[in-house]
Protein chains: 2
Amino acid sequence: MPDTPEPLDAVQLGAYFALMEVAGLLRHAVEQQLREAGDLSYVQFQLLARLGLDSPTGRERMTDLADGVVYSRSGLTYQAGLLEKAGLVTRTPSADDERGVTVAITDAGRALLAKVLPGHTEVLRHQLFAPLSRRDTEALAELLSPVRDHMRSAPPRSAAPRRRR
Amino acid sequence: MPDTPEPLDAVQLGAYFALMEVAGLLRHAVEQQLREAGDLSYVQFQLLARLGLDSPTGRERMTDLADGVVYSRSGLTYQAGLLEKAGLVTRTPSADDERGVTVAITDAGRALLAKVLPGHTEVLRHQLFAPLSRRDTEALAELLSPVRDHMRSAPPRSAAPRRRR
DNA sequence: TATTGTTATACTCTATAACTATA
DNA sequence: TATAGTTATAGAGTATAACAATA
C-alpha cells in the first residue's frame, strides 16, 4: 500500500464539497424546469444550446458535439436519436467526410430552445445568482475558467484517445 | 405568454457554464476513481463520507441523510440497501422514534473509506486544485458557500415538504 | 391526520463491445 | 490500420405512487 499522500485541508474540502453540492442542486432544479417547459433532459438542452446558441451555423459533427458534452459515443448517438425523433435536429452524412454525420438544429429545435430559455434564466437567477453580487459572479467565472481549461486538456473524456477536429 | 425576462449577460452565462462543466467533469473523474478503488458510486461515497467523516457518531437517520444528499426517499432506500448488502452500513430501528431508521457505518465501511480516500484526494489535486492558488481556493469556497446555503434553504429537494430534524 | 420508510414498477441514461463503412 | 458512428445489450440510477407502521 502506498503512503497516504498529504490529505486535503479544510478549505480545500470545503471548496470541493460546496462546488459539488451547488452544481448538483442547480442541475436538479434546472433539469426540472427543462422537463416541465420542454420535456428536455439537461444533456439534450446542452446539445440544443450548443447547436442553436454557440454554433453560428447551427450544425456540428457528432464528434465535435461529444467533445463538448462529455459522453460516450453511444450515449451521444442515443441522445441525438431522441432529438431527431422529436424533430429538433436532423442528421445527415457530412459533406467532406463520408464517415461523419452532421447534426443540424431545426426550426422546431430553435423554437423549443426559445420557449425554454426564459424559465431557465429565471431558475438560474433565483438559485444561483441571487446570493452573488456582480463582482462575485465575475470572480466565480474567472476562478472556474482556468479549471475548466485545465480539465479539458487532460480529458477523462468520452472514450478512447480522441482528437480535436 | 409572459414577456421575456431580462436575459443573462455574458459573464453570468460564462460562470454558469463553467460551473456546470467543471462539476460534471470532476464528478466523472472522481466517480471513475471511486469505482475502481472501492466499487462505489459517487452517491454511495457521499453517504459513507457523511457517516464516517462528518457525523461524530457515525450514525444518522434516513431523513437527515436524504436532506444532505438530495434524493428521493426511495432512491435513498435503494442506496442504503446496497451499502447494507455490502456490509458497509447497518440499518436499525431508531431508538426514540419507532418509525425512523438509523443508518450506521460499520468498521468495514470505515476501512473502505480510508482505502478510497488517498486516491480520491489525488484526483482532486490533479483535476481541481492544480490550476488554483491557495487564495483562489479560499475565494472559491467563500463564493460558493453562500450559494449552497441559499439553495439549501429553498429546497427543490427530494420529495414533498420536508422538515429539518 | 401526518410522517417515516419500503416496495413495486417503469423508465431514462450510460457504458461496453461488436460491427459497418469510410480514410 | 485508424477513425466515425451505430447497434445490441445489459446494468445502474431515479422517480412515482401505493402501502404499512408509528406519532
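Letters A, B, ... are given to chains in the order of the sequence lines, protein chains preceding strands, and every chain is numbered from 1. Note that the structure is predicted; figures quoted are calculated from it, not measured. All heavy atoms count here, side chains included; hydrogens, waters and symmetry mates do not.
Residue L65(A) is out of contact with every strand shown, counting any heavy-atom pair closer than 4.0 Å. S94(B) comes within contact range of no nucleotide atom at all, as no heavy-atom separation falls under 4.0 Å. Residue G75(A) is classed as having no contact, given no heavy-atom separation below 4.0 Å to the nucleic acid.
A straight line from NZ of K85(B) to C1' of dA12(D) spans 12 Å, rounded to a whole angstrom. Nucleotide dT12(C) holds its P atom 11 Å from the CD atom of Q79(A), rounded to whole Å. When rounded to the nearest whole Å, the span between CG of L76(B) and C1' of dA15(D) equals 14 Å. In this structure, the NE2 atom of H28(B) is 15 Å from the C1' atom of dG13(D), given to the nearest Å. The nearest whole Å value for the distance from the CD atom in E98(A) to the P atom in dA2(D) is 22 Å. Atom CG of L83(B) and atom P of dG13(D) are 10 Å apart (whole Å). Nucleotide dT12(C) holds its P atom 13 Å from the CG atom of L40(A), rounded to whole Å. Rounded to whole angstrom, the span from the CD atom of E60(A) across to the C1' atom of dG5(D) amounts to 16 Å.
Side-chain atoms of Q12(A) come within 3.5 Å of backbone N or O of D9(A) as a donor-acceptor pair.
Between dA18(C) and R73(A), no contact under 4.0 Å exists linking OP1 or OP2 to a side-chain N or O.
The nearest pair of heavy atoms linking L144(A) to L19(B) is CD1-CA, 3.7 Å.
Mapping M62(B) and Q44(A) onto DNA chain C by nearest heavy atom places M62(B) closer to the 5' end of the strand.
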Just the atom pairs and distances: protein N or O near nucleotides 8-11 of chain D's N or O, under 3.5 Å.
none

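A perpendicular orientation is assigned to the rings of Y16(B) and Y42(A), their planes being inclined by more than 60° (bins at 30° and 60°).
For R99(B) against dG5(C), a side-chain-to-base donor-acceptor contact under 3.5 Å is absent.
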So H120(B) and V30(B), side-chain contact (heavy atoms from CB on, under 4.5 Å) or not? Walk me through it.
CA-CA 7 Å; H120(B) 197 75; V30(B) 141; 3.4 Å; yes

